[in-house]
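For ligands, and for the atoms within them, numbers begin at 1 and follow the listed sequence.
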Amino acid sequence: MFFAYFIAFISVLLIWTFVDNFLPSKKHPPGPFRLPIFGNALTFLQNKSTGKPVFVLFKDLAKQYGPVVFLRMGSQPTVIVDDFETSKILLNNEVWIDRPFNDMMAERSYGKPLGIIFVGGEGWREMRRFTMRSLRDFGYGKQNSMQSIIDDEVKTILNEVETVAGKDKPLLNIKHFFTLPVLNILWSMVSSVRMPGDEEKLKKLIILVDNLAKATPIGGSILDLFPSLRHYFPGLTGITFVRKCVEELQNHFQEVLDSRREEGGYKQGNRDYIDIFINEIERHKELGSNPNHYTDEQFITTITDLFEGGSETSSNTLEFAFYYVMKNPNVQSKVQAEIDQVVGRSRLPNTGDRPQMPYTEATLIEAQRMANVLPVTVRSSTENCRLNDFEVEKGCMAIVNIYSMHMDESFWGDPNTFRPERFLDENNKIIPLKANRVIPFGAGKRVCLGEQMARATVFTYFSALLQSYSFEEVPEKNTVSNNKSDLHRDPETIRFEEEVHVGFTLSPNPYHTKVVKRQ
Ligand code: HEM
């Protein structure tokens, strides 16, 4: 009897495998062989042994199968989109407006679809609209208000660099150098009221956000394939640690909310985003709104999203930008010459100078192209649809491989070379056709909510520091070793071993730079 069940079970698996992989009526995009239940676990396992990050695997798969590749993450149907044209269509299409919300994401939001980054549907629409509107009311996106917040932080950071420059050994450890100033800007946009101990709390927040990011690397983890494993092996799968970080973050923001309620100033009118949120919570409580999007849990998850979305991404971009100009002193000199010519030395640069500084602009676009701080963005389909010539079912996950587009040899020619000139025409003007191919912030209605803030922060920090200082290489202090290079190994793999740290976001491996005050 047992034997008969066993044969039946094996037969079902074989039929399942055949139907999923070979049945012609299924117009899925092409992709590597899939197993029942395990989907493409073998593809990821094989890749792990090569040391390549998953987005490099996706790029390799696209070379083999074409720009749209079909995979199963466990049983989750998934398309990988690798080319610019299809990505643009997908990112701008209402059908792909959602993000997949699975058990892993629920871990960071009280088991409910809350916040902005990881949810879809009406909850996302409401929170995104509300957050954008509220932040705008307090100056987000308005050049003068945002610039004055950034300028305050720039002055602090310039003082710190000045201290380093004055030392016998003027070496600056770049790792996390920008994290606190970037977080301060974000915090100033959200909270205009300073509470006792805020500075210390922000420092603690950096550690928590960093830990959380490290504990959730991008794609290819066993939990992406089988999220339910976390119930059975919480320690082994790292979920115990994630839960601890999430709990500490949630407690932190609950304290913020509680101390504001105690302070009571929100009753006199809205001073900032937190006041607006508290007043909305009170209003919806009175109305008995159903569904109620405005709760303490919603506030805490949304604000966690802003911090997770905004702190690492901007500071890593700056770490990369300084890394590239340190490695390319000729580019650094050209940026400095442009700053001298357009801004001079008597005032700080600001975002109003950007249109007159095409070389600096091109350098930052090139830094973002190569850095790929967020190498992929993820969406999911709200209904059955077509993607190019293929059929895709409702609930299918799409991984848009930003990395692949930024490193596409057929478009860029020499994608591994840092060359801002590729974005400039013979009249020193930015070439829109090329600049628009760089999409570090994604695109469409779910484009990064913090894009304007990030662009303003990165431009101002970068140009203000280069206005007064040069940053030189210190080979003996840098952990990056060149002796591992081997001509027979894949240059992309070498780069990811030596230059780039792959976590939830990408950052350069820790490095030191010598600070030299400009004459
Ligand atoms: C250089 C810095 C940054 C980079 C490279 C970056 C990149 C991205 C990308 C690629 C997405 C997904 C977009 C899509 O699916 O089309 C995104 C979404 C998001 N980002 Fe950023 N980001 C940066 C800075 C920020 C900042 C400063 C904030 C906070 C104010 C922020 C908050 C968010 C939020 C809330 C979302 C989710 C938007 C939604 O789903 O509606 N980001 N970001």
Side-chain angles (χ1 to χ4, degrees), residues 55 81 87-93 96-101 105 109 113-132 134-136 138-141 146 149-150 153 178-179 181-191 209 213 218 273 301-321 364-365 367-380 397-403 405-406 438-462 504-507:
F55 42 88
V81 180
S87 300
K88 232 180 141 194
I89 293 170
L90 187 145
L91 292 173
N92 286 293
N93 189 338
W96 291 98
I97 199 78
D98 271 3
R99 291 202 208 276
F101 182 79
M105 285 129 198
S109 55
L114 301 174
I116 302 174
I117 299 184
F118 297 105
V119 290
E122 194 38 44
W124 163 72
R125 255 173 244 280
E126 180 68 28
M127 260 316 107
R128 172 146 183 149
R129 221 182 291 137
F130 169 81
T131 301
M132 282 305 278
S134 313
L135 289 178
R136 274 203 196 109
F138 295 103
Y140 178 70
M146 218 157 69
I149 294 174
I150 296 172
E153 287 302 322
F178 298 105
T179 317
V182 163
L183 214 62
N184 272 332
I185 293 176
L186 219 87
W187 190 238
S188 303
M189 295 297 305
V190 168
S191 167
V209 172
I218 295 174
Y273 181 72
T301 311
T302 303
I303 207 124
T304 305
D305 279 0
L306 294 180
F307 276 82
E308 252 192 275
S311 62
E312 279 227 342
T313 44
S314 303
S315 54
N316 292 0
T317 302
L318 279 160
E319 287 180 20
F320 271 117
L364 289 174
I365 299 173
Q368 289 207 289
R369 182 189 68 78
M370 281 192 75
N372 293 298
V373 162
L374 266 182
V376 297
T377 182
V378 181
R379 302 284 184 88
S380 86
M397 174 157 86
I399 300 182
V400 176
N401 198 359
I402 296 176
Y403 170 81
M405 286 171 255
H406 289 178
V438 181
I439 53 163
F441 299 99
K445 283 193 183 156
R446 287 205 85 146
V447 69
C448 173
L449 182 144
E451 178 175 358
Q452 284 162 299
M453 186 193 296
R455 283 193 191 280
T457 307
V458 169
F459 174 85
T460 313
Y461 280 24
F462 184 71
F504 181 67
T505 53
L506 304 192
S507 55

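- Which of V378, T313, L374 comes nearest to atom 23 (C) of ligand 1 through a heavy atom is settled by distance: it is T313.
- Of the heavy atoms in K445, none comes closer than 4.0 Å to ligand 1.
- Closest heavy-atom approach to atom 10 (C) of ligand 1 among the candidates P440, S311, G310: P440.
- Among all heavy-atom pairs drawn from R128 and V447, the shortest one is NH1-O, 2.7 Å.
- The CE atom of M453 sits 6.5 Å away from the CG atom of L135 when rounded to the nearest 0.5 Å.
- Remark: distances from the non-hydrogen atoms of G444 to ligand 1 are all 4.0 Å or more.
- We find the CZ-CZ distance between R125 and R446 to be 9.0 Å, quoted to the nearest 0.5 Å.
- Ligand-side atoms of ligand 1 in range of L306: 29 (C), range being under 4.0 angstrom from any heavy atom.
- Listed by number with element, the atoms of ligand 1 under 4.0 angstrom from any heavy atom of A443 are 16 (O).
- The structure places OG1 of T317 at 11.0 Å from CZ of F178, a figure rounded to the nearest 0.5 Å.
- The proximity of R99 to ligand 1, defined as any non-hydrogen pair under 4.0 Å, is limited to the side chain.
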Take S507 and E319 through the test side chain to side chain donor-acceptor pair (under 3.5 Å) and record every step on the way to the result.
CA-CA 7 Å; S507 55; E319 287 180 20; 5.0 Å; no
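- Between the side chain of N92 and the main chain of A443, no donor-acceptor pair closer than 3.5 Å is present.
- When only interatomic distances are considered, the shortest N/O to N/O separation between T377 and ligand 1 falls below 3.5 Å.
- Judged by the shortest distance from any of its heavy atoms, I117 lies inside the 4.0 Å radius around the atoms of ligand 1.
- Residue-level proximity to ligand 1 for D305 is absent, since no heavy atom of it falls below 4.0 angstrom.
- For A456, the side chain to side chain contact (heavy atoms under 4.5 Å, CB included) partners are M146, I150, T351, not counting sequence neighbours.
- In this structure, the separation between NE2 on H406 and CD1 on I439 is 5.5 Å, given to the nearest 0.5 Å.
- Of the candidates A454, A398, G309, A371, the one placing a heavy atom closest to atom 25 (C) of ligand 1 is G309.
- In Q368, the part holding a heavy atom less than 4.0 Å from any atom of ligand 1 is the side chain.
- Once rounded to the nearest 0.5 Å, the distance linking OG1 of T505 with CD of E312 reads 3.5 Å.
- Between W124 and ligand 1, an N or O atom pair is found at a separation short of 3.5 Å.
- Contacts with ligand 1 closer than 4.0 Å are made by side-chain heavy atoms of R128 only, the backbone lying farther away.
- Interface of T317 with ligand 1, defined as ligand atoms under 4.0 Å from a residue heavy atom, comprises 1 (C).
- The OG1 atom of T457 sits 8.0 Å away from atom CG of L318, with the distance rounded to the nearest 0.5 Å.
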